[in-house]
Chemist: 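One structure, as structure tokens, below. Some questions next.
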2 protein chains.
Amino acid sequence: MTEKTILIVDDEQAIREMVDFALTRAGYHVVGAENAGNALALLTQFRPDLILLDWMLPDISGVDLARRLKKEELYQDIPIIMLTAKVEEQDKVKGLEIGADDYVTKPFSTRELIARIKAVLRRSSPPEKEEALTVDQLVIDPRSHRVHVSGNELHLGPTEYRLLHFFMSNPDRVYSRSQLLDRVWGQNTFIEDRTVDVHVRRLRKVLSDTGYDHLIQTVRGAGYRFSAQVIA
Amino acid sequence: MTEKTILIVDDEQAIREMVDFALTRAGYHVVGAENAGNALALLTQFRPDLILLDWMLPDISGVDLARRLKKEELYQDIPIIMLTAKVEEQDKVKGLEIGADDYVTKPFSTRELIARIKAVLRRSSPPEKEEALTVDQLVIDPRSHRVHVSGNELHLGPTEYRLLHFFMSNPDRVYSRSQLLDRVWGQNTFIEDRTVDVHVRRLRKVLSDTGYDHLIQTVRGAGYRFSAQVIA
DNA sequence: CAGCTATGTTACAGCTTTATGACAAGTCAC
DNA sequence: GTGACTTGTCATAAAGCTGTAACATAGCTG
């Protein structure tokens, strides 16, 4: 998967650093802004997957900023978690009313913060397409995360599974090793092209018991192709 | 069982306090909201077992709010008792038409209120899916809250019971640890993903005596899957 | 056919994900 | 309170995967 980017908007440097440290360790990419103006400027530069917004900011209040973002079509889909020192029910309610997706009360544990971030991201990420794909007797079913050929389950490692799923979703088309790395491994991976060969080999090996390894064809000088047509 | 939570939506603080006092003493957990907006916001945070809704509210009328909630799949199962100062048959009918489960006329005695709440909760809690689920000789029966394999009862802790019930209700499908936390533990619990492993382990342990632990399968990199199908 | 390049295979050390057992804190009925 | 259960978290042990390097083959070019 791709790394998620989180924008933390808080005027206290200590908080930003703490959050940065915790979230980075949890595998997120963190960008900080110390006030609303900064945050807005940054938003024109890139699109975070989630925004952590302090309730009180020196220029525009976090509440107003949230309200503003939720009004703009471009930004309204970015989930927001409010950070607040206040504990009153009123504020909590207000925060949620303006469209924040959750709120965390200071002081908070990094564990809670991470848990809430995960929950919000999970809720807001679109459900994946989970149609089962079939080629002849070969079936890959994302819902059960299973691959089987006429009743016999095939065991694939995570990478081989993704590779096969990608191939079956995009049949009859050649992909270079680099393209496969981008599409199957993710965009920011730094892996040798030849590694793809190894995984193709592993996938073919599993498929070979049932003869379906022929579906994965080598296109010399170009890459690999998955062909839905069963070649005798 | 868990303590029942009741959301009281009324703009008069005196009423809220009175109800809070009475219901708390009766063993309920009470949360108050003074208007419909507040109530809606609160509903994103937790799920009450019942809502006491004033007929007239400052922003959206109680009637409209009730109608709205009953339309949404997520909330339509929460029983609603309308609180009304009016006594006309017309209103009574209207209230029930929109889907309220009962109504109480102000002024009301706390005894009456509690009695009606109990009645409504009793009536509305059973409609949960209570069917016993079976896989081969393994049976889980929500009515008796029991699990047994060919006559022998298995002892499961509450969490393991819910986990097994969830799995048996949703077979042949992978769930990530996070999804399981959402679905089995509830949406606003913030515990470690890895804790799921431990409960899976506990559940498997109990099932292992009868060999049914194999039904709970680990899908590396994806989560767990309960599968009745034994694919060779 | 020699020489060269692209692809196939295998082995493996390091790393990541799971499984497991132990534990302290929390609950609940007595 | 007390004792029997539960529960979430850790630390540690196991398993399972992954990316590379090295060597074997196959394919192409001239």
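Reckoned from all heavy atoms, side chains included, excluding hydrogens, waters and symmetry mates.
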Chemist: Apply ring-ring contact (aromatic ring centres under 6.0 Å, His included) to A:F166 and list each qualifying residue two or more places apart in sequence or on a separate chain.
Modeler: A:Y175
Chemist: Does the side chain of A:T159 get closer than 4.0 angstrom to OP1 or OP2 of D:dC17 through an N or O atom?
Modeler: no
Chemist: Taking 4.0 Å as the cut-off, does a side-chain nitrogen or oxygen of B:H199 come that near to OP1 or OP2 on C:dT20?
Modeler: no
Chemist: Under the side chain to side chain donor-acceptor pair (under 3.5 Å) test, which residues partner A:R194, sequence neighbours left out?
Modeler: A:D197
Chemist: List for me each residue that meets ring-ring contact (aromatic ring centres under 6.0 Å, His included) alongside B:F167, sequence neighbours excluded, and say none if there are none.
Modeler: none
Chemist: Below the 4.0 Å mark, does C:dG8 have OP1 or OP2 next to a side-chain nitrogen or oxygen of A:T218?
Modeler: yes
Chemist: Determine: side-chain N/O of B:R177 to OP1/OP2 of C:dT18, distance under 4.0 Å, yes or no.
Modeler: yes
Chemist: For C:dA19 and B:Y224 - does any side-chain N or O of the residue sit under 4.0 Å from the phosphate oxygens OP1/OP2?
Modeler: yes
Chemist: At less than 4.0 Å, is any side-chain N or O atom of B:W185 found next to OP1 or OP2 of D:dT7? Yes or no.
Modeler: no
Chemist: Using a 4.0 Å cut-off on protein heavy atoms (strictly under), produce a 5'-to-3' string for nucleotides 22-30 of chain D with B for base contact, S for backbone-only sugar-phosphate contact, and - for none.
Modeler: -----BS--
Chemist: Hey, is A:R16 close enough to A:E12 for a salt bridge, meaning N to O under 4.0 Å?
Modeler: no
Chemist: Enumerate the salt bridge (Lys or Arg N to Asp or Glu O under 4.0 Å) contacts for residues 149-163 of chain B, please, sequence neighbours excluded, ordered by first and then second residue.
Modeler: B:R146-B:E153
Chemist: Sorted by first residue and then second, give each ring pair (Phe, Tyr, Trp, His ring centres under 6.0 Å) pair with at least one member in residues 196-218 of chain B; sequence neighbours left out.
Modeler: B:W185-B:H199
Chemist: So what does B:V198 hit on the nucleic acid, given a heavy-atom distance under 4.0 Å: a base, only sugar-phosphate, or nothing?
Modeler: base
